[in-house]
Amino acid sequence: MRTSPLTIGLALTAILATGCAQEEPGTNGGSAASEPPVAQPTASPSVTASIFMLPAEGVGAVTYDETAVPEGATSDVQVRVQDGQTHVQFTGTSLEADREFGAHVHTRPCGERPEDAGPHYQNEPDPAATEDEPSSDPAYANPENEVWLDFTTDEGGSAQSTATVDWEFRDGEARSLVLHEQHTMTGHGEAGTAGDRLACVTVEF
């Protein structure tokens with residue numbers, strides 16, 4: 001018997017329909033694999049790599065004390081924001097060996113003078129602080145409300161320090177990382193202080 005094109009077409013349609021029904025996800029005979037879970041993206045850090053220079057030669061990274069922070073020493077500041085937290089990491093090389101440094105995020109870019117960087121950045125600003133009298137109240141000047149990265153260099157003058165806070169910087173209000181002459185104090189009337197400003201790195205936090 002001669003088979004018409006219509007008959008062949010109907011037969012192919014039936015076969016295809018049967019195959020599709022067998023491959024439906026979730027059936028015992030199905031061959032379709034379940035979709036893999038979607039990986040959550042990891043925030044990439046912003047990186048500011050700098051070489052310390054004298055104030056007259058540049059403002060990206062400047063040294064005000066060439067003994068503690070020699071010209072040519074390096075700074076690497078990484079900032080990563082994820083899930084409402086901010087992670088900051090400082091890496092320094094060729095600094096003065098075997099000594100303590102204080103380090104904090106400040107509100108202004110570095111300049112020719114140490115004081116050009118302004119006061120510490122605070123997530124919740126101290127209402128009693130003024131331009132001439134920066135915050136020294138431990139309720140505000142503390143490592144939860146500010147970013148402190150104190151460190152001690154090794155025998156080769158290298159060091160790395162990290163800090164994580166449960167907030168994000170306000171746009172344009174955190175502009176530098178300042179290195180100080182000693183670790184940060186925490187007592188009443190001196191909280192947040194760490195001695196003279198030795199060097200500064202301009203960073204767009």
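For this chain, numbers begin at 1 and follow the sequence in order.
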CA sep, side-chain torsions, deciding dist, call: Phe101, Thr153, side-chain contact (heavy atoms from CB on, under 4.5 Å): CA-CA 8 Å; Phe101 288 81; Thr153 54; 3.7 Å; yes
Glu190/Ser136 under side chain to side chain donor-acceptor pair (under 3.5 Å): CA gap, chis, key distance, verdict: CA-CA 5 Å; Glu190 62 180 13; Ser136 59; over 6 Å; no
Chi angles and distances behind the side-chain contact (heavy atoms from CB on, under 4.5 Å) call for Asp76, Thr74: CA-CA 7 Å; Asp76 179 285; Thr74 69; over 6 Å; no
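A donor-acceptor pair under 3.5 Å links the side-chain atoms of Asp150 to the main chain of Thr184, judged by distance alone. Checking side-chain atoms of Gln89 against main-chain N and O of Gln78 turns up no donor-acceptor pair under 3.5 Å. Panel note: side chain Asp116, backbone Arg113; a donor-acceptor pair is recorded below 3.5 Å. Side-chain atoms of His183 come within 3.5 Å of backbone N or O of Phe151 as a donor-acceptor pair. Although no hydrogens or angles enter the test, the distance criterion places no donor-acceptor pair under 3.5 Å between the side chain of Asp196 and the main chain of Leu198. Although no hydrogens or angles enter the test, the distance criterion places no donor-acceptor pair under 3.5 Å between the side chain of Thr63 and the main chain of Pro70. Between the side chain of Asn145 and the backbone N or O of Gln122 there is no donor-acceptor pair closer than 3.5 Å. The backbone N or O of Gln85 sits nowhere less than 3.5 Å from a side-chain atom of Asp83 that would complete a donor-acceptor pair. With hydrogens and angles disregarded, no donor-acceptor distance shorter than 3.5 Å links the side chain of His87 to the backbone of Arg80.
Taking 4.5 Å as the limit, every side-chain heavy atom of Glu71 sits out of range of all side-chain heavy atoms of Ile51. The shortest side-chain heavy-atom distance between Trp167 and Glu124 does not fall under the 4.5 Å cut-off. With a 4.5 Å cut-off on side-chain heavy atoms, Val88 and Phe205 count as touching. Between Thr162 and Thr164, the closest side-chain pair of non-hydrogen atoms is not below 4.5 Å. Residues Thr186 and Trp148 are in side-chain contact: their nearest non-hydrogen atoms beyond the backbone lie under 4.5 Å apart. Between Val178 and His120 there is no side-chain heavy-atom pair separated by less than 4.5 Å.
For the salt bridge (charged side-chain N to carboxylate O under 4.0 Å, His left out) test with Arg108, the passing option among Glu115, Glu173, Glu131 is Glu131; the others fail. Of the candidates Glu146, Arg197, His180, His180 is the only one forming a side-chain hydrogen bond (donor to acceptor under 3.5 Å, both in side chains) with His104.
Val47 and Leu149 are not part of a single hydrophobic cluster, where members link through side-chain heavy atoms under 4.5 Å apart. No continuous path of ILVMFWY side-chain contacts below 4.5 Å connects Tyr140 to Val105, so the two sit in separate hydrophobic clusters. Cluster membership for Val203 and Val165, using ILVMFWY side-chain heavy atoms within less than 4.5 angstrom, is shared.
Atom CG of Asp98 is surrounded by more than 12 heavy atoms from other residues, nucleotides or ligands within 6.0 Å. More than 12 heavy atoms of other residues, nucleotides or ligands lie within 6.0 Å of CG in Leu54, so this atom counts as buried by the packing criterion.
No side-chain donor-acceptor contact under 3.5 Å links Ser50 and Ser75. A donor and an acceptor atom, one from each side chain of Glu168 and Thr86, are nowhere located under 3.5 Å apart.
Heavy atoms only, all atoms of each residue included: Leu179 and Ala103 are closest at CD2-CB, 3.8 Å. When every heavy atom of Ala174 is checked against every heavy atom of Phe169, the shortest pair comes out as CB-CD2, 3.5 Å. Of all heavy-atom pairs between Phe52 and Val62, the closest is CD2-O, 3.6 Å. Scanning all heavy atoms of the two residues, the minimum distance from Ser176 to Cys110 falls at CB-SG, 4.1 Å.
To the nearest 0.5 Å, atoms CG (Asp65) and CD (Glu96) are separated by 7.5 Å. Rounding to the nearest 0.5 angstrom, the gap separating the OG1 atom in Thr93 from the CD atom in Gln160 is 11.5 Å. For the atom pair CG (Asn142) and CG (Asn123), the distance works out to 10.0 Å, reported to the nearest 0.5 Å.
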